[in-house]
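The next block holds one structure in the form of structure tokens; read it before the comments.
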Amino acid sequence: MQPQYQPAAIEQQVQQEWADKKSFRAVDASHKPKYYCLSMFPYPSGKLHMGHVRNYTIGDVLSRYYRMRGYNVLQPMGWDAFGLPAENAAMANNVPPAKWTYDNIAYMKKQLKSLGFAIDWERELATCRPDYYRWNQWLFLRMLEKRLAYKKTGTVNWDPVDQTVLANEQVIDGRGWRTGALVEKREIPMYYLAITRYAEELLSSLDRLPGWPERVKTMQANWIGKSFGVRLAFPYVLGGKAGKLWVFTTRADTIMGVTFVAVAAEHALAAEAARRNPKLAEFVEECKRGGVQEAEIATQEKKGMPTGIFVEHPLTGENIEVWVGNYVLMSYGEGAVMGVPGHDERDFAFAKKYGLRIKQVIDVEGRPYSLDAWQPWYADYGVCVNSARYDGMPYQQSVDMIAADLKAKGLGEKQVTWRLRDWGISRQRYWGCPIPIVHCDSCGDVPVPDDQLPVVLPEDCVPDGSGNPLNKRPDFLNTACPKCGKPAKRETDTMDTFVDSSWYFLRFACADQHERMVDERVNYWLPVDQYIGGIEHAILHLLYSRFWTKVMRDFGLVKLDEPFTRLLTQGMVLNEIFFRKTDGGRAQYFNPADVEVQFDDQGKRKAAVLKEDGKPLESGGIGTMSKSKNNGVDPQALIDQYGADTARLFVMFASPPEQTLEWSDDGVEGASRFLRRLWLFAAGRGKDNTKFNLSSAFISITDWSSQPSAIRDFRRGIHLSLKQASYDYERMQYNTVVSACMKMLNLLEGFSGGQGLGSVNAVSQASSEALDILLRVLYPVTPHITCVLWKELGYGADIIDAPWPAVDEAALVQDEIDLVLQVNGKLRGNIRVARTADRAAIERLAVENPNAQKHIAGQTVKKVVVVPGRLVNIVV
RNA sequence: GCCGGGAUGGCGGAACUGGUAGACGCACGGGACUCAAAAUCCCGCGGUGGCGACACCAUGGGGGUUCGAUUCCCCCUCCCGGCACCA
């Protein structure tokens, strides 16, 4: 064995061996139980970033652990290969998105392999390949047949200079990112998937996902947003014609407090009023300026303008004026809301601003009400007041009666409303899956017949920022109508990339199936037993995937209700941010690798200077690794310098998977140091050069109870750590798994030089057993080094198929245990009692303890709390 | 703005179901080895007071429940994720 740890050499050798033996090929049937471990597939952006390293290491640790536990494990990998960044790169470098994407995939695949992940590469897929996306098209056509896919208009960001649709990301402070032009909202026809038809099931089946984090389920439930309320109408007569203005409210109990009604700028009544009032028309246009992002709309200043149109209160008949409000969303409810300034904070502010009437109609346990300032309890549930026949009624009773009264007049009824909207999938972009529709002057929108699928995207286009290049490709655009055969045009919109990622986990089960979308193997491997990915996907990707799976189930393609049994949402990877203000006042960011941090004697930070010029930098705190803050760390440099095992060990040790992870160069050094120590110890060169016979796993001692206590203490420490690590593997807290391994090595090193240990043979055997356990516990995290040591020391043929070590419960038993002694909950010492001591004996020992006596002195003991095996608390 | 989450020594974090706050690691200080440095090893390391035994304070801030709260409840502050066309 090499005396020194040389990661580069052993990692390459071990990876080659795995590749040659196809060690991680998943078989589609087995007597073992299956385990499908999936990490969210990467977007091929160029090279791996730390978030990828973290994500795939978590998945790999899990996969290897489950294999040791006797499962038939599948861990596949693919590429979420369509998307906007490829088009941006294409424009910047004048290279087709396809070439850029395929080059990135090749490079990143090499990087993934160098990290030693136990991936079955035979199932690799890329969503930009026609043999993948043809099935997007195929299923879209099936959904069209069932009217689960349909066409309607939708709102997009429009850049009036480039004459192109912008993604939200491309709108910066309300302007187009390339042109700087003020962005406008524009209505265009789009295809939608009717996810709202599954709203009820998507919500209710969250309860059947015990393996999902509560926070993710809460977020999804709120996103779906089922609310029980009343849909009601305000009748009006306009230009001699009668009409009804519909609104939805969850607070029908406040209906007697309505003093105005507000509609969205896109509402029909707003358009009607604008035709007769140029000032209002201007305001409606103003509302249409700016982007479509909800965060932007919700934080902008609340503005409104009266329309001069009056409607009739459905219960009192009172005249109520209609306003146009820039905060009313056309996409939620009816695009109109009733204004109750007395009991809605937003309406209160609006009424104050425009001098509208504010009326109290709810009383909350007699709490004071004044029109001067908003108070939080104004919005609470209470009892109706100033509400005629509803006075004195609590919430539910008043809503029931109001709904009944409205219904009697034909002006409303109870209704369930969802926040969830149907999924618009049309994108006016090139690098995506073509929507398989042909537009014919005679026949209209005609679906492409199945036998003409896939509609293949030409891969040689280079976008230029002005619209979709497919519109400039006659060979793609011009086709024959599938129905009548006359010349027709292809749809040039492509699908949202969330479509691609909504079912890739199914395709991994049968990536070589080219006749069908999926085959019966999908029912063997699915559902995914453990899905791992960033918390930023908690809503959209996961919700779309759940929806898509249910649609495929209803089409008879899969037999599962939910795609992911367990979900782990990993935290983001953060690093420090350093910058200097430039002359223009803008921040110039410097990569932490180029920064030297200086400390004072206490180890507190003094200053940070740029290595290049030695001058100080400002700290921008800690933030997610990003290009804009220039605080990313290239994993390749880390792997090249320290090896994959160190990289993996660091990301697992630095924080638990669900929390954010802070980058630390010193932490990496520490991880590397541990592996060097492990290697030196195993190579028989421990700290004092004591050389044990570790070359054999043959252990002849079966009864350790007669061994000296030093040996029994040592084994107890090892088995306690093993027990801890086993527990932590199950709950996926890998940082403490690593900690347990470090404790084991500390014990081993301390043990090798001790005295009074009995026979050298027994010490050697206990050490051998401990190292055997340590290597197996550590293996999923750092597979290369443990693989080599395991083989070199003769523990077995191949650690990848070694079983998980068993805890020797007998080793954990102590004859005497230490209990914590408290008086009034304060720590006052320890008492040592026999393992078998009963409660009375413990209480007596505790009260008699001199330390306890000191604090009891002169007071009466009220009671004694004994927590078995833990503590005694004397209450005086 | 709305929804969700987080905050523990100089730093990353640990503490399992309410039971010794600070495991493990990093940084830092002292020492050994060395001509010297690196590497390695040993010791120390939350704060205040005390020679010491020990006492008191301390888990973002304020309040509550409990024999006992980092853990449960209420209020507040700051930070992070998402908001439907970034993926």
Side-chain angles (χ1 to χ4, degrees), chain A residues 40 42-43 45 80 83-85 154 156-157 165-171 213-216 218-219 221-223 225 291-300 302 327 331 346 419-421 423-424 426-429 496-498 501 534-541 543-544 569 571-572 574 599-605 621-624 653-656 658-662 664-667 669-671 673-674 676-677 680 687-688 724 727-728 731 733 735-736 738-743 746 818-827 829-830 862-865 867 870-871 873-876:
Chain A
M40 290 181 186
Y43 177 77
S45 55
D80 188 13
L84 195 57
V156 293
N157 303 303
V165 175
L166 297 179
N168 284 336
E169 186 188 58
Q170 297 171 316
V171 179
E214 278 308 316
R215 60 171 166 161
V216 174
T218 307
M219 279 192 262
N222 289 339
W223 184 264
V292 298
Q293 294 169 75
E294 193 186 314
E296 186 188 329
I297 294 164
T299 50
Q300 72 192 357
K302 309 288 175 287
Y327 61 93
S331 52
R346 196 173 53 187
R419 209 188 76 96
L420 182 69
R421 310 198 296 258
W423 175 13
S426 294
R427 297 291 179 270
Q428 297 68 46
R429 257 181 268 294
D496 180 3
T497 55
F498 275 124
S501 56
I535 181 67
E536 67 273 20
H537 295 292
I539 296 175
L540 292 178
H541 162 62
L543 191 64
Y544 291 146
T569 50
M572 316 273 289
L574 315 177
F599 297 93
D600 68 11
D601 294 352
Q602 270 80 49
K604 282 190 197 174
R605 168 176 296 194
I622 308 254
T624 53
F653 183 53
S655 70
E658 304 224 71
Q659 280 182 39
T660 54
L661 181 149
E662 266 181 58
S664 154
D665 289 319
D666 291 325
E669 186 61 44
R673 189 178 303 151
F674 171 71
R676 289 197 302 267
R677 266 172 61 201
L680 283 173
K687 60 179 180 181
D688 57 0
Q724 178 71 48
Y727 179 73
D728 289 338
R731 62 172 178 159
Q733 186 167 292
N735 55 327
T736 43
V738 174
S739 163
C741 290
M742 289 172 167
K743 283 182 191 171
N746 289 346
D818 286 319
L819 294 184
V820 168
L821 177 58
Q822 294 183 334
V823 178
N824 280 350
K826 288 208 177 226
L827 176 67
N830 288 284
K862 273 200 232 157
K863 71 172 172 180
V864 181
V865 182
V867 182
R870 281 198 181 269
L871 61 70
N873 186 17
I874 302 165
V875 186
V876 295

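Reckoned from all heavy atoms, side chains included, excluding hydrogens, waters and symmetry mates. All values reported here derive from a predicted model rather than from experimental measurement. Lettering of chains follows the sequences in order, A, B, ..., and the numbering in each one begins at 1.
A:F498 is linked by a ring-ring contact (aromatic ring centres under 6.0 Å, His included) to A:Y544, counting only residues two or more places apart in sequence or in another chain. Not a single side-chain hydrogen bond (donor to acceptor under 3.5 Å, both in side chains) links A:N735 to another residue, sequence neighbours left out.
If you check every strand for non-hydrogen atoms under 4.0 Å, A:V864 touches nothing. Among the heavy atoms of the strands, none lies under 4.0 Å from A:W423.
Of all nucleotides listed (B:G25, B:G68, B:U20), B:U20 comes nearest to the side chain of A:R870. Here B:C83 is the nucleotide among B:C83, B:A27, B:G81 with the atom lying nearest to any side-chain atom of A:E294. For A:Y727, the listed nucleotide lying nearest its side chain is B:C16; candidates were B:G19, B:G25, B:C16. Comparing B:C26, B:C83, B:C86 by their nearest atom to the side chain of A:L540 picks out B:C83. Counting only heavy atoms from C-beta on, A:T299 has its side chain closest to B:G1 among B:G82, B:U17, B:G1.
Taking atom P in both B:G63 and B:A53, the straight-line distance is 33 Å, to the nearest Å. Atom C1' of B:C2 sits at a distance of 37 Å from the matching atom of B:G9, rounded to the whole Å. Rounded to a whole angstrom, the distance from the P atom of B:A15 to that of B:G68 is 25 Å. Taking atom P on both nucleotides, B:A32 is separated from B:A23 by 27 Å, rounded to a whole Å. With both ends at atom P, the span from B:G30 to B:G19 equals 40 Å, rounded to whole Å. With C1' as the reference atom, B:G46 and B:A39 are 31 Å apart, rounded to whole Å. Distance noted for atom P between B:A38 and B:A27: 13 Å (whole Å). If you take atom C1' in B:U8 and the same atom in B:A58, they sit 10 Å apart, rounded to whole Å.
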Can A:F674 and A:V738 be said to form a side chain to side chain contact (heavy atoms under 4.5 Å, CB included), step by step?
-> CA-CA 10 Å; A:F674 171 71; A:V738 174; 5.5 Å; no

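Counting only Watson-Crick and G-U wobble pairs whose two key distances fall under 3.5 Å, RNA chain B forms stems of three or more stacked pairs at B:1-7 with B:77-83, B:10-12 with B:24-26, B:28-32 with B:40-44, B:46-49 with B:54-57, B:60-64 with B:72-76.
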What N/O pairs connect the protein and nucleotides 74-79 of chain B at under 3.5 Å? Give each pair on its own line.
none

Please tabulate, one pair per line, each protein N/O and nucleotide N/O from nucleotides 11-15 of chain B that are separated by under 3.5 Å, including the distance.
from	atom 1	to	atom 2	distance (Å)
B:G12	O2'	A:A654	O	2.5
B:G13	O3'	A:N735	ND2	3.2
B:A14	OP1	A:N735	ND2	3.0
B:A15	OP1	A:R731	NH2	2.6
B:A15	OP1	A:Q733	NE2	3.1

Tabulate atom names and distances for all N/O pairs under 3.5 angstrom spanning the protein and nucleotides 52-59 of chain B.
from	atom 1	to	atom 2	distance (Å)
B:A55	OP1	A:R828	NH1	3.2
B:A55	OP1	A:H855	NE2	3.3
B:C56	OP2	A:R828	NH1	3.3
B:C57	OP2	A:K826	NZ	3.1

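A:R215 has no side-chain polar atom (N or O) that falls below the 4.0 Å cut-off from OP1 or OP2 of B:G81. Listed pair A:R676 / B:U40 meets the phosphate criterion, a side-chain N or O lying under 4.0 Å from OP1 or OP2. A sub-4.0 Å separation between OP1 or OP2 of B:A23 and a side-chain N or O of A:S739 is absent. OP1 or OP2 of B:C26 has at least one side-chain nitrogen or oxygen of A:R673 nearer than 4.0 Å.
Of the residues A:V820, A:L819, A:L821, the one that meets the side-chain contact (heavy atoms from CB on, under 4.5 Å) test with A:N830 is A:V820.
For B:G49, the base adopts the anti conformation, since its glycosidic angle falls more than 90 degrees from zero.
The distance from atom CG of A:L821 to atom P of B:C67 is 19 Å, rounded to the nearest whole Å.
In this structure, A:R419 contributes its side chain and A:W223 its backbone to a donor-acceptor pair below 3.5 Å. A:Q170 places a side-chain N or O within 3.5 Å of a backbone atom of A:A167 that can act as its donor or acceptor partner. Judged by distance alone, with hydrogens and angles left aside, the side-chain atoms of A:N157 form no donor-acceptor pair with the main-chain N or O of A:G291 at under 3.5 Å.
Each of A:Q293 and A:T497 was matched to the nucleotide of RNA chain B holding its nearest heavy atom; the match closer to the 5' end belongs to A:Q293. Checking A:V820 against A:V738, the closest nucleotide of RNA chain B that is more toward the 5' end is the one next to A:V820.
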